[in-house]
2 protein chains.
Amino acid sequence: MGNRLNGFGDCSIEVERACPIELTLHIIGGKWKGVIINILSKKDTRFNELKRLIPGISQRMLTLQLRELEADGIVKRKVEETIPIKVGYSLTHQGESLTPIIQSMRMWGNDYISKNE
Amino acid sequence: MGNRLNGFGDCSIEVERACPIELTLHIIGGKWKGVIINILSKKDTRFNELKRLIPGISQRMLTLQLRELEADGIVKRKVEETIPIKVGYSLTHQGESLTPIIQSMRMWGNDYISKNE
DNA sequence: CTGCATCCGCGATGATACTG
DNA sequence: CAGTATCATCGCGGATGCAG
């Protein structure tokens with residue numbers, strides 16, 4: 001997992017090392033990651049359920065984004081060995097620690113919308 | 001400015017409309033926007049100063065990211081009609097209202113780094 | 001000093017079909 | 001149900017040169 005941090009360790013801002021910001025943005029900034037985390041913060045969700053809840057996302061992208069979130073330790077994947085197979089996704093502790101930020105972003109976004117009609 | 005909201009108005013998540021999150025992510029999620037906002041939150045900064053403070057960014061990208069932030073009402077642009085011209089950038093009120101989120105992201109990022117070494 | 005214009009490669013994303 | 005594989009595309013972003 002640590003290798004995902006590569007490319008962030010060598011940036012040197014003089015005012016202040018802003019890398020943690022970039023890192024966070026890199027982790028949650030994917031095209032659909034915000035929505036995914038937001039949904040998972042409310043309830044554990046299965047693959048097809050996620051797909052249904054996120055209109056417009058392709059199966060491929062959903063898989064990829066989930067894999068990245070998993071690699072970053074944000075999301076947990078639990079396979080039920082039934083037939084057909086069921087796969088449940090949920091937030092890890094680290095993932096849950098992101099929800100305050102997500103919620104701040106929601107509030108800011110709503111505020112922004114209301115101010116710009 | 002309102003037209004930048006297009007594409008967000010029609011997303012319909014059943015669990016909850018997550019669009020404000022996507023919108024916020026869209027506004028601050030650019031490759032360098034986090035750093036830019038972070039720097040501007042500390043002090044007004046001129047173009048070349050920004051370029052110097054952000055190693056690795058190309059002139060082109062700095063211009064583009066600043067233009068987007070300006071179009072989104074996050075950043076203010078002030079031209080000093082000297083020779084040579086000087087252009088100062090600063091946060092708008094809306095831009096300043098983002099800094100708590102940015103700071104949360106910094107803290108989360110630092111925490112993340114220390115936990116994943 | 002602060003940009004804009006142009007060219008271009010590459011990665012991100014979509015569409016579609018196939019699988020255990 | 002939950003993916004994987006493959007192909008095609010499209011825009012991001014880098015490099016470079018020009019301009020006021």
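Labels below follow one simple rule: chain letters A, B, ... track the order of the sequence lines, proteins then strands, and each chain is numbered from 1. Everything numeric here is computed off the predicted structure, so don't read it as measured data.
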OP1 or OP2 of C:dT2 less than 4.0 angstrom from a side-chain nitrogen or oxygen of B:K78, does that happen here?
-> no
Does a side-chain N or O from A:Y89 land closer than 4.0 Å to OP1 or OP2 of D:dC1, or not?
-> no
Is A:N116 reaching over with its side chain to a backbone N or O of A:Y112, donor-acceptor style, under 3.5 angstrom?
-> yes
Give, for atom CD1 of A:I39 and atom CD1 of A:I102, the distance between the pair rounded to the nearest 0.5 Å.
-> 11.5 Å
Have a look at A:K51 and say if it touches a base, only the backbone sugar-phosphate, or nothing, with a 4.0 Å heavy-atom cut-off.
-> nothing
To the nearest angstrom, the CG-P distance between A:N48 and D:dG3 comes to 9 Å
Given that B:P84 and B:T63 both sit by DNA chain C, which one's nearest nucleotide is further toward the 5' end?
-> B:P84
Is B:K86 salt-bridged to B:E49, cutoff N-O under 4.0 Å?
-> no
Got a donor-acceptor contact below 3.5 angstrom from the B:T92 side chain to the B:G73 backbone?
-> yes
Give me the bend of the helix from C:dC1-D:dG20 to C:dG20-D:dC1, using the axes of the five pairs at each end, rounded to 10°.
-> 50°
Atom CD of B:E81 and atom P of D:dG20 are separated, to the nearest Å, by 15 Å
Check every atom of D:dA2, D:dG3, D:dG17 against the side chain of A:K86 and return the nucleotide holding the closest atom.
-> D:dA2
B:R60 has an atom CZ; how far is it from atom C1' of C:dC7, in whole Å?
-> 10 Å
Here the distance between atom C1' of C:dG3 and atom CD of B:Q65, to the nearest Å, is 16 Å
Find the distance B:I57:CD1 to C:dT2:P and express it as a whole number of Å.
-> 14 Å
For B:M61 and D:dA15, what is the distance between atoms CE and P respectively, to the nearest whole Å?
-> 12 Å
Sugar-phosphate, base or nothing in reach of B:R46, heavy atoms under 4.0 Å | sugar-phosphate
B:L62 CG to C:dG3 P, straight-line distance once rounded to whole Å | 8 Å
